[in-house]
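Structure record follows, encoded as structure tokens.
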Amino acid sequence: MAVNDFIQSNKDRFLNELIDLLKIPSVSADPKFKDDVFKAADFVKESLIKAGADVAEICPTAGYPIVYGEKIVDPSLPTVLVYGHYDVQPADPYELWDSPPFEPVIKKTKIHPEGAIFARGSADDKGQFYMHVKAFEAMMASGELPCNVKFMIEGEEEVGSDNLDKFVIENKEKLKSDVILISDTHMISMKDPSITVGLRGMAYMEVEVTGPNRDLHSGTYGGAVANPINVLCKMIASLKDENEHITIPGFYDKVQELTAEQRGRLNEAPFDLKEYEEKLDVDTVFGEKGYTTIERVGIRPTLDVNGIWGGYIGEGAKTVLPSKAYAKISMRLVPDQDWHEIAQLFEAHFKSIAPAGVKVKVKSHHGGSPAVVSDTSVGYKAAEAAMEETFGKKPIPTREGGSIPIVALFQKELGSDPILYGFGLDTDALHSPNEHYGVQNYLMGIETIAAFFRHFKALSDQS
Ligand code: BES
Ligand code: ZN
């Protein structure tokens, strides 16, 4: 049976298996889910074996394991390395989900009239990396696997991939490949397919501001002693000026400016600002002066508070002047910003703007480098041809605002530009309640990946 026939006749099973994987709450950020994260790793290993891998192993790390699998048809054939992650973001706040996050359901939506699977991790990244497992299975079953294939599926991407660098550096031979495929990004839409060629990096910080040595009565002391929450808010507000430009000295020193021509091309991508605003229910967009929304997300760095807390947040009112205030602050970075350097600049600046009367502590959580990948490589050309075949339209290269720290590491350590072959949409609600992944995106992704293998083999033979 031909690959596409096999996919069509097995599509219900392919969906049901993904649903089984989505039922495992593999939240890497929360130790409460530790056993489930390990369980998801086992599930991935078993799936690779069932799909036809010769090798499928759980590789322990200091944190959650990396699942490695391979099928070497013939060492002289090109080899494709697939990277993905089986861990997911926390599902909180649970009360904002229309159905429980780990009880997947298929529902029709305006954007997905043929249905979408609603569950945490459906698009990020279980539904996306699992397309590769199913494409591999379909190619094996139809006797049409034209390349060797290796899988490296990790369990710590959503918490910064702390143990992955070591694994990659120590296993260069094992991971040797001719191209790396990653499906963990978006396309513009089903009618405007695209391939991501840029991702932002990140520096994630946490700050603590301490005022008096204990919580105080806000009547007895209010107005006479610095309130750390008020102070923290002022300090945070000062991190951007009236043009939404970040005020940390040296922050922009290494930012690559694009030429007018490059910016022009980036802005040619289909983008409906009105629709973007409507979908988010905001009356207008917002951001750094002088840049379009596509540019603000794709080629400009930014700084956002991800959480802020302190004082009394329980029921009713309590008149307290708190002793401490905290915030988690992350910065999205662009080439050639170095996240270690940016973390240091942030720390020095944040401490320098602390007023008298408070003490400030700054901690760096994790980070990752930004990356730009080639759109002229043999791998990119094969990815482009496969998408054109299945979607009937040549994909547009885009730059996205999210981060996948391993991409820059792959470039540095394995000398290879990964293909960011995502089939999700930006409306899939990644990291939000009601995350979902289109059934059609899943099935077309599987077909496109199988087509990629065929095109990659053909183009590699020619080059
Ligand atoms: N799949 C995302 C990355 C992504 C999202 C790329 C949207 C392009 C568009 C990935 O799983 C993710 O969320 N990464 C984290 C990385 C961080 C924890 C270092 C992110 O971007 O916040
Ligand atoms: Zn992801």
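All ligand and atom numbering here is 1-based and tracks the order in the structure. Quantities reported herein were computed from a predicted structural model and do not represent experimental measurements.
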Nearest heavy-atom pair of Ser161 and Tyr83: which atoms, and what distance?
OG-OH, 4.3 Å
protein heavy-atom neighbour closest to atom 5 (C) of ligand 1 works out as Leu430 CD2, 3.8 Å
Who's the nearest protein heavy-atom neighbour of atom 11 (O) of ligand 1, and how far?
Glu157 OE1, 2.7 Å
May I ask you to say whether Asp20 pairs ionically with Lys23, meaning some side-chain N is under 4.0 Å from a carboxylate O?
yes
Is there at least one pair of N or O atoms, one from Asp184 and one from ligand 1, spaced under 3.5 Å apart?
yes
For atom 9 (C) of ligand 1, the closest protein heavy atom turns out to be Glu400 OE1, 3.2 Å
Protein contact of atom 14 (N) of ligand 1 - nearest heavy atom, named by residue and atom, plus distance:
Ser403 O, 2.9 Å
Which ligand 1 atoms are under 4.0 Å away from a heavy-atom of Pro405?
19 (C)
Should you measure from each heavy atom of His186, which atoms of ligand 1 turn up under 4.0 Å away?
7 (C), 9 (C)
Show me which atoms of ligand 1 lie under 4.0 Å from any heavy atom of His85.
11 (O)
Does at least one non-hydrogen atom of Asp125 fall below 4.0 angstrom from an atom of ligand 1?
no
Can we say Lys394 and Glu388 salt-bridge, meaning some charged N sits less than 4.0 Å from an Asp/Glu carboxylate O?
no
Per residue Asp124, nearest N, O or S atom to the Zn ion (ligand 2) is named OD1
Report the atom name of the nearest N/O/S atom of Asp184 relative to the Zn ion (ligand 2).
OD1
For a quick check under 3.5 Å, do Asp184 and His85 share a side-chain donor-acceptor pair by atom type?
yes
Atoms of ligand 1, numbered as shown, that sit under 4.0 Å from any heavy atom of His431
12 (C), 13 (O), 22 (O)
Minimal non-hydrogen separation, Leu15 against Val439, with atom names
CD1-CG1, 3.8 Å
Under-4.0 Å salt bridge between Glu389 and Arg454
yes
Strictly under 2.8 Å, is any N, O or S atom of Glu158 next to the Zn ion (ligand 2)?
no
Cationic N near anionic O, under 4.0 Å, Lys274 to Asp272:
no
Between the side chains of Glu435 and Arg120, is the shortest nitrogen-to-carboxylate-oxygen separation below 4.0 Å, so that they form an ion pair?
yes
Got a salt bridge between Glu17 and Arg13, using NZ or NE/NH1/NH2 to carboxylate O under 4.0 Å?
yes
Nearest candidate to atom 20 (C) of ligand 1, where distance is taken over non-hydrogen atoms, out of Gln89, Arg200, Arg332, Glu156:
Arg332
